[in-house]
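So the structure is just underneath, and the comments pick up after that.
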Protein chains: 2
Amino acid sequence: MAVGIKDLAREAGLSVATVSKALNEYADVSEETRQRVREIARLLNYQPNITARGLQSRRTSMVGLVIPTVEPHLSDDPYFLDLLAGIADEAAEHEFALLLTRCAPGPKERTCYQKIVRGRRVDGLIVVRTRSQDQRVAYLLEEGFPFVTFGRTDQGLDFPFVDVDGTQGVYDATRYLIGLGHRRIGFIAAPEGLMFGFHRQEGFRKAMEEAGLAMEPGLLARGDLTLQSGDVAMGQLLDKDPPPTAVVACNDLMALGAMRAAQKRGLWVGRDLAVVGFDDTHVAAHSRPSLTTVSQPIYDIGILLCRMLLQTLQGKPLEVRQILLRPALVIRESSGGTIS
Amino acid sequence: MAVGIKDLAREAGLSVATVSKALNEYADVSEETRQRVREIARLLNYQPNITARGLQSRRTSMVGLVIPTVEPHLSDDPYFLDLLAGIADEAAEHEFALLLTRCAPGPKERTCYQKIVRGRRVDGLIVVRTRSQDQRVAYLLEEGFPFVTFGRTDQGLDFPFVDVDGTQGVYDATRYLIGLGHRRIGFIAAPEGLMFGFHRQEGFRKAMEEAGLAMEPGLLARGDLTLQSGDVAMGQLLDKDPPPTAVVACNDLMALGAMRAAQKRGLWVGRDLAVVGFDDTHVAAHSRPSLTTVSQPIYDIGILLCRMLLQTLQGKPLEVRQILLRPALVIRESSGGTIS
DNA sequence: TCTTGACCCGAAAACGATTTCGGAGTATAA
DNA sequence: TTATACTCCGAAATCGTTTTCGGGTCAAGA
């Protein structure tokens, strides 16, 4: 059933060595035999056994990605899919495949990475959603295993990454709100430890500080990135007296939850209250009101990540090891116009 | 750097054979040596080389999935991510990983599958978004390669699948609209050839026929599953005279597009016009108006698919080879109430 | 005629694990 | 004491490729 290189050799009356070399563009094979071998391979529909090749060449032609979400459903990050698409597309471009696993942050995570790294399951890894002290990054550096990350960390380590400047993004968004006349602005933060959450919150702090606006602890709520948690957090903010006139959420889903909470209380988002998100998820453009948010080119980031990883796998040093992209504020209805 | 089984053997003063057997629960190894080998493996942090093991055992411990979307962004199917999550979770449960690729339908598709199948890149495949005459299914059957599909086909072949009864789903939805008093109901179909699109359209036809309502060709539009195409299709439907009072779209994204088109014309969806989708994507619940749609347990389907595949890989025959799930109509705002 | 080098090809050794098969040692039964 | 069985271990084959290294052939040049 399965046709191996031996079958080709027998068919062609050659040795397996010659067949292998003919197929792999070696110089010491005559053009004639090369053609003949190719033809036979085509006829017999030969495809080299990837596993055997991998064992010999010590390469798997796979890049790995471990999705670090807690809950089973990945739905808290609709943009993950675009990231995957970008990575998979770029990988396919270079005859690589993507190995996908899921493992929640925690003690089992190290074991998961060890299996992949020491077991040589893939040639390189893409690490996403970096954390402040990220043991994954530390481990991979320690092992000398090739990887790139989406996001920076806070541990003074040097490694290749792509990141979006969340600080700048939220800074822009917050300044925009301030420019509209808002003074009491709330913030719905991400769980602690997540690097992107920290950066985004920094952007908020910076903008408020520059404007001479106090960051009241009461106007800071924290969610877990889900829509429901955004709803709850917004409830807390609106219970303050006086409540904020604008709210910045750390991601789109929480912003949508926040809008829902406001609407349940009879508030008209975009008029009575401004809401801004982050990610520019597909839902953002089609919610009602449509969501003002900060946009990042997530598909292209996937491409970029994969390209960087593949390049290091080829032994070529990267011209730019660390990339920080500037996101763009997308103004829609939820932030309303100037307030009185 | 990389510690192999030879290192363990040297360290333990045993042969590689014995070490291997000790680690793999063979009976002809004394309990004492087994413990000692285990301990050394733990200390040296040994992880067997997956590739080498795969070559010998002829198994990769991977299941494959080729995403068949045309455009680079996978965003036309937000629910894909949940499917992936289900598959990846169930795979991880059994120490399997998921190999992800992307390949648009077309001539290159066969090559893509050949690489995977003949190259033995994975142990089994999950095929999604089946088509009427699906060459992927035909090919895999022909090769005798293990697989399961999400969706049926129309070629009289016998293979294991999980599917959602789209006919029933749309039938229920259409009957609901008819019950509300609608008589002129439009349908936004999927591209031809897609099996799920056909089934859903069948449900529409059946419901209309049963109610004695003519299916005017003018009230049938076709999109490509994207939001934009739903917008365009709805434009065509609203240009009819008289226009439909209700529209069923083949998926949520087109339904959202349809709503947008209606709203651009000043129509109030849920009052002037009813719109129904299919999938119960996350956006459905949070659009304005929220979308009445047909819900399918996509994450659980992923689990189910993977479980079926893994079971056949273990050589155990499936008790149920073909599963047809009944979806549920979720009534929200976009379908409005009774019309006069 | 002999040497040299270019050109092709094949034998065999990897790669790192699993698995088969036989053998040594010891205990038990005859 | 001998035969038998049982326990435990290791040598070697194996999986399907790639890659090294040496050898054979033939033509051109000395």
Side-chain angles (χ1 to χ4, degrees), chain A residues 1-38 40-41 44-62 95 114-123, chain B residues 1-38 40-41 44-62 95 114-123:
Chain A
M1 180 97 294
V3 24
I5 200 172
K6 279 188 230 168
D7 302 302
L8 297 195
R10 182 161 10 85
E11 198 68 23
L14 292 169
S15 72
V16 293
T18 306
V19 172
S20 172
K21 287 189 288 191
L23 293 174
N24 291 298
E25 304 296 330
Y26 272 64
D28 62 343
V29 172
S30 73
E31 188 55 30
E32 187 203 331
T33 40
R34 190 197 315 284
Q35 294 297 348
R36 197 156 55 88
V37 168
R38 279 227 195 91
I40 294 177
L44 269 61
N45 226 313
Y46 168 74
Q47 290 289 345
N49 182 309
I50 295 278
T51 308
R53 171 185 295 203
L55 179 56
Q56 161 67 26
S57 66
R58 255 169 303 268
R59 310 182 357 81
T60 60
S61 293
M62 292 192 286
E95 307 273 274
Q114 279 185 338
K115 275 214 182 89
I116 297 176
V117 170
R118 318 274 305 207
R120 298 275 143 188
R121 223 188 158 114
V122 301
D123 295 335
Chain B
M1 178 100 295
V3 25
I5 200 171
K6 277 187 231 169
D7 302 301
L8 297 194
R10 182 162 9 86
E11 198 67 23
L14 292 169
S15 72
V16 292
T18 306
V19 171
S20 172
K21 287 189 288 191
L23 293 174
N24 291 299
E25 304 295 331
Y26 272 63
D28 63 342
V29 172
S30 73
E31 188 55 30
E32 187 202 332
T33 39
R34 190 196 315 285
Q35 293 296 349
R36 197 155 54 88
V37 169
R38 279 228 196 89
I40 293 178
L44 270 61
N45 226 313
Y46 169 73
Q47 291 288 346
N49 182 309
I50 296 277
T51 308
R53 171 185 297 201
L55 180 55
Q56 161 68 25
S57 66
R58 258 168 300 271
R59 310 179 1 80
T60 61
S61 294
M62 291 192 288
E95 307 272 280
Q114 279 185 338
K115 276 213 182 91
I116 296 176
V117 170
R118 318 273 307 207
R120 298 273 144 190
R121 221 178 200 319
V122 301
D123 296 335

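Atoms considered below: every heavy atom in the structure, side chains included; atoms not considered: hydrogens, waters and symmetry mates. Every chain is numbered from 1 and lettered A, B, ... according to where its sequence line falls, protein lines coming before strand lines.
Within 6.0 Å of CD in A:Glu31 there are more than 12 heavy atoms belonging to other residues, nucleotides or ligands.
Protein atom CZ of A:Arg118 is 14 Å distant from nucleotide atom P of C:dG16, rounded to whole Å. Across the protein-nucleic acid pair, B:Glu25 atom CD and C:dT18 atom C1' stand 15 Å apart, rounded to whole Å. In this entry the distance linking CZ of B:Arg53 with C1' of C:dG16 reads 11 Å, nearest Å. Taking atom CD on B:Glu32 and atom C1' on D:dT7, their separation rounds to 13 Å, with Å as the unit. The separation between A:Tyr46 atom OH and D:dG16 atom P is 10 Å, rounded to whole Å. Between A:Arg59 atom CZ and C:dG16 atom C1' the separation is 18 Å, expressed in whole Å. Summarising the geometry, the separation between CD on B:Glu31 and P on D:dC6 is reported as 20 Å, rounded to the nearest angstrom. One interatomic measurement links the two molecules: CZ of A:Arg121 to C1' of C:dA17, which rounds to 15 Å at whole-angstrom precision.
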- Query: Passes side chain to side chain contact (heavy atoms under 4.5 Å, CB included), A:Leu23 versus A:Leu8? Steps please.
  - Reply: CA-CA 11 Å; A:Leu23 293 174; A:Leu8 297 195; 4.1 Å; yes
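Side-chain contact check for A:Val19 versus A:Ile40: every heavy-atom pair is 4.5 Å or farther apart. Counting heavy atoms from C-beta on, the side chains of A:Gln47 and B:Arg121 never come closer than 4.5 Å. With contacts defined as side-chain heavy-atom distances shorter than 4.5 Å, the pair B:Asp7/B:Arg10 qualifies. Annotation: side chain of B:Thr60 is not in contact with side chain of A:Ile50 (no heavy-atom distance under 4.5 Å).
Phosphate contact (OP1/OP2 of D:dC21, side-chain N/O of A:Tyr26, threshold under 4.0 Å): absent. Between A:Ser20 and D:dT18 there is a side-chain polar atom (N or O) within less than 4.0 angstrom of OP1 or OP2.
Note that the two end axes of the helix from C:dT1-D:dA30 to C:dA30-D:dT1 enclose an angle of 70°, each drawn from 5 base pairs, rounded to 10 degrees.
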Can you pull every protein N or O that's under 3.5 Å from an N or O on nucleotides 9-15 of chain D?
from	atom 1	to	atom 2	distance (Å)
D:dC9	OP2	B:Ser30	N	3.1
D:dC9	OP2	B:Thr33	OG1	2.9
D:dC9	N4	B:Asp28	OD2	2.7
D:dG10	OP2	B:Ser15	N	3.0
D:dG10	OP2	B:Ser15	OG	3.2
D:dG10	OP2	B:Thr18	OG1	2.6
D:dG10	O6	B:Lys21	NZ	2.5
D:dT14	O2	B:Gln56	OE1	2.8
D:dC15	O3'	B:Arg58	NH1	3.2
D:dC15	O2	B:Gln56	N	3.4

Set out, line by line, the N/O atom pairs under 3.5 Å between protein and nucleotides 4-6 of chain C.
none

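Looking at every heavy atom in both residues, A:Val122 comes nearest to A:Met62 through CB-O, 3.4 Å.
For the pair A:Ser20 (side chain) and A:Val16 (backbone), a donor-acceptor distance under 3.5 Å is absent.
Taking NZ from B:Lys21 and OG from B:Ser15, the interatomic distance works out to 7.0 Å, rounded to the nearest 0.5 Å. Rounding to the nearest 0.5 angstrom, the gap separating the CZ atom in A:Arg120 from the CG atom in B:Asn49 is 8.5 Å.
The existence of a salt bridge linking B:Glu25 and B:Arg38 is confirmed by a sub-4.0 Å separation between a basic side-chain nitrogen and an acidic carboxylate oxygen.
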